[in-house]
Amino acid sequence: MDSLTLICTAALLAAGGLYWFICFFGSAEVKGKRAVQLTGGSIDKENVQDNYKQYWSFFRSPKEIETADKVPVFVDTFYNLVTDIYEWGWGQSFHFSPSLPGKSNREATRIHEEMAVDLLGVKPGSRILDAGCGVGGPMRAIAAHSKANVVGITINEYQVKRARMHNKKAGLDSLCEVVCGNFLQMPFADNSFDGVYSIEATCHAPNLEEVYQEIYRVLKPGSLYISYEWVTTELYKAEDPEHVEIIHGIERGDALPGLRTYKDIAQVAKKVGFEVVKEKDLAKPPSHPWWTRLKMGRMAYWRNHILVTILAFLGIAPKGTVDVHEMLFVTADYLAQGGEKGIFSPMHMILCRKPAAE
Ligand SMILES: C=C(CC[C@@H](C)[C@H]1CC[C@H]2C3=CC[C@H]4[C@H](C)[C@@H](O)CC[C@]4(C)[C@H]3CC[C@]12C)C(C)C
Ligand SMILES: C[S@@+](CC[C@H](N)C(=O)[O-])C[C@H]1O[C@@H](n2cnc3c(N)ncnc32)[C@H](O)[C@@H]1O
């Protein structure tokens with residue numbers, strides 16, 4: 001074989017291998033969104049790196065955030081930057097779940113979501129709200145399971161588009177509606193929902209009382225609200241520098257204006273008028289660790305990082321995607337450490353009732 005033929009053959013083989021690696025390898029977790037489809041959400045490709053830098057400079061010291069009213073804008077930026085990576089590398093449900101022996105991650109996620117609506121005790125045809133709905137993973141599982149009508153609200157317009165596409169594709173758009181808005185000032189009438197749930201979303205509110213007040217307002221008297229909250233636990237020691245570093249790492253890598261302690265949740269719920277029906281950290285034994293899935297993916301994260309770096313070099317993925325992916329890579333470690341040390345829980349469950357009308 002002459003040298004030209006050799007070079008062309010080698011080039012073809014390399015290109016074919018790269019194409020296979022990029023388009024078909026997918027991520028270790030799910031085959032949903034492909035790596036070549038990674039975008040910056042509603043942010044134009046050329047502005048992703050700048051937006052990442054703005055996000056990072058705002059959230060790197062969350063405790064010193066003076067202007068709380070700017071938080072929702074930067075949370076929106078965060079979700080423009082991470083939504084595609086989340087879908088590509090985790091799936092359509094942007095939350096954690098206790099691992100269940102013999103069950104897949106997908107199954108464990110669905111069971112965790114269905115438990116939320118079962119505790120609300122709503123009937124088919126009821127109208128319930130998903131406060132901070134993401135791309136609608138929980139909404140679709142909950143609508144299919146309960147046959148309730150679910151209205152989701154998220155501050156991120158790109159997630160609204162993704163959620164509506166997934167709802168239609170799943171044949172659930174007759175039960176699921178998605179609205180773009182701020183759960184601190186919702187475009188819904190007083191006493192208009194038969195139930196409300198929020199799954200790992202209200203942690204983004206700069207002031208928990210504000211979002212709980214809004215949820216209380218839109219909930220019908222006598223109806224229930226359930227939330228899975230991100231909290232520091234009774235094992236967290238503010239005087240332990242290692243604990244502080246882990247919690248700060250979780251806050252800046254997840255757009256959190258400041259993690260609450262587990263004690264704050266019921267206090268705030270009661271302050272806005274809720275009766276607390278049940279409260280339980282779903283991460284505690286006998287539940288199996290929620291962070292196993294995060295730790296099992298490390299090899300995949302390395303491969304994903306190589307993939308993202310190649311795609312950005314080729315101009316297929318936005319340049320800033322490499323920075324975002326690196327941030328998430330580090331954040332995964334902080335989250336796993338927080339879980340292993342028992343100082344952080346992403347699933348402190350609280351079930352509250354709005355008192356029946358006097
Ligand atoms: C509730 C929130 C988000 C929780 C989780 C859905 C996400 C938290 C950390 C995310 C991830 C970390 C590592 C990424 C990895 C480097 C990449 O290759 C593939 C995606 C990740 C696994 C990504 C997936 C989603 C998370 C687990 C917060 C924001 C309130
Ligand atoms: C980690 S995601 C969880 C999404 C969904 N609950 C799930 O489990 O897949 C948090 C969600 O809260 C939304 N969110 C954060 N702050 C918000 C705000 N102020 N108003 C409305 N949505 C908000 C984000 O846009 C995102 O959709």
Side-chain angles (χ1 to χ4, degrees), residues 26-30 33 35 38 41 59 68-69 71-80 82-97 105 109 112-113 116 130-142 152-160 162-163 166 178-186 197-207 210-211 214 227-230 249-257 259 290-291 293-308 321 324-336 338 346-347:
S27 76
E29 294 298 333
V30 282
K33 184 168 261 285
L38 294 179
F59 268 101
D69 59 327
V71 168
V73 170
F74 281 98
V75 169
D76 182 34
T77 299
F78 174 79
Y79 281 105
N80 277 320
V82 303
T83 291
D84 279 351
I85 298 176
Y86 277 20
E87 270 205 69
W88 169 55
W90 193 256
Q92 296 169 20
S93 290
F94 294 176
H95 65 79
F96 294 108
S97 316
N105 292 325
T109 298
H112 193 51
E113 293 163 351
D130 178 342
C133 66
V135 297
M139 152 193 286
R140 286 183 288 282
I142 283 170
I153 186 168
T154 168
I155 201 160
N156 184 264
E157 180 59 53
Y158 179 67
Q159 288 184 344
V160 173
R162 293 295 297 172
H166 287 308
V178 192
V179 169
C180 190
N182 186 342
F183 54 36
L184 300 174
Q185 302 145 339
M186 294 193 276
Y197 67 89
S198 51
I199 298 179
E200 301 188 25
T202 51
C203 49
H204 289 298
N207 178 327
E210 233 180 299
V211 61
E214 258 301 79
S227 186
Y228 294 166
E229 293 283 350
W230 277 35
I250 290 172
E251 288 171 337
R252 55 180 180 254
D254 291 295
L256 304 183
L259 264 175
W290 53 267
W291 60 88
R293 180 180 176 188
L294 208 50
K295 289 196 72 166
M296 272 170 57
R298 283 195 60 77
M299 277 315 288
Y301 308 159
W302 270 115
R303 190 189 52 220
N304 290 351
H305 201 67
I306 294 165
L307 200 43
V308 166
T321 309
V324 177
H325 193 265
E326 192 166 344
M327 171 188 75
L328 293 177
F329 206 150
V330 171
T331 304
D333 263 348
Y334 282 121
L335 286 161
M347 49 188 76

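Read the numbers this way: they start at 1 and go in the same order the structure lists the ligands and their atoms. Computed over heavy atoms, backbone and side chain alike; hydrogens, waters and symmetry mates excluded. All residue numbers refer to positions in the sequence shown, counting from 1.
- Per-residue contacts place Gly181 under 4.0 angstrom from the following atoms of ligand 2 (heavy atoms of the residue considered): 20 (N), 21 (C).
- Among the atoms of Ser93, none of the N or O lies under 3.5 angstrom from an N or O of ligand 2.
- Within the structure, the closest approach of His204 to ligand 1 falls below 4.0 Å when heavy atoms are considered.
- Considering backbone and side-chain N/O atoms, Ile155 comes within less than 3.5 Å of an N/O atom of ligand 2.
- Closest heavy-atom approach to atom 6 (N) of ligand 2 among the candidates Ala116, Pro206, Gly132: Gly132.
- Contact annotation: Thr331 has no heavy atom less than 4.0 Å from any atom of ligand 1.
- Within the structure, ligand 2 has Cys133 among the residues with a heavy atom less than 4.0 angstrom away.
- Between Trp90 and Arg293, the shortest heavy-atom contact is O-NH2, 2.5 Å.
- Close contacts of ligand 1 with Cys203, meaning ligand atoms under 4.0 Å from a residue heavy atom, involve 30 (C).
- For atom 29 (C) of ligand 1, the nearest non-hydrogen atom from the set Phe94, Tyr334, Tyr79 comes from Tyr79.
- The closest heavy-atom contact to atom 5 (C) of ligand 1, among the options Phe78, Phe96, Tyr301, comes from Phe96.
- With ligand atoms numbered from 1 in the order given, ligand 1 contributes 8 (C), 28 (C), 29 (C) to contacts under 4.0 Å with heavy atoms of Asp254.
- A donor-acceptor contact under 3.5 angstrom links the side chains of Arg140 and Gln92, judged on distance only.
- Of the heavy atoms in Trp88, none comes closer than 4.0 Å to ligand 1.
- Atom numbering of ligand 2 starts at 1 in the shown order; those under 4.0 Å from a heavy atom of Val75 are 15 (C), 16 (N).
- Taking distance alone, with nitrogen or oxygen atoms compared against 3.5 Å, Pro138 stays at or beyond that limit from ligand 2.
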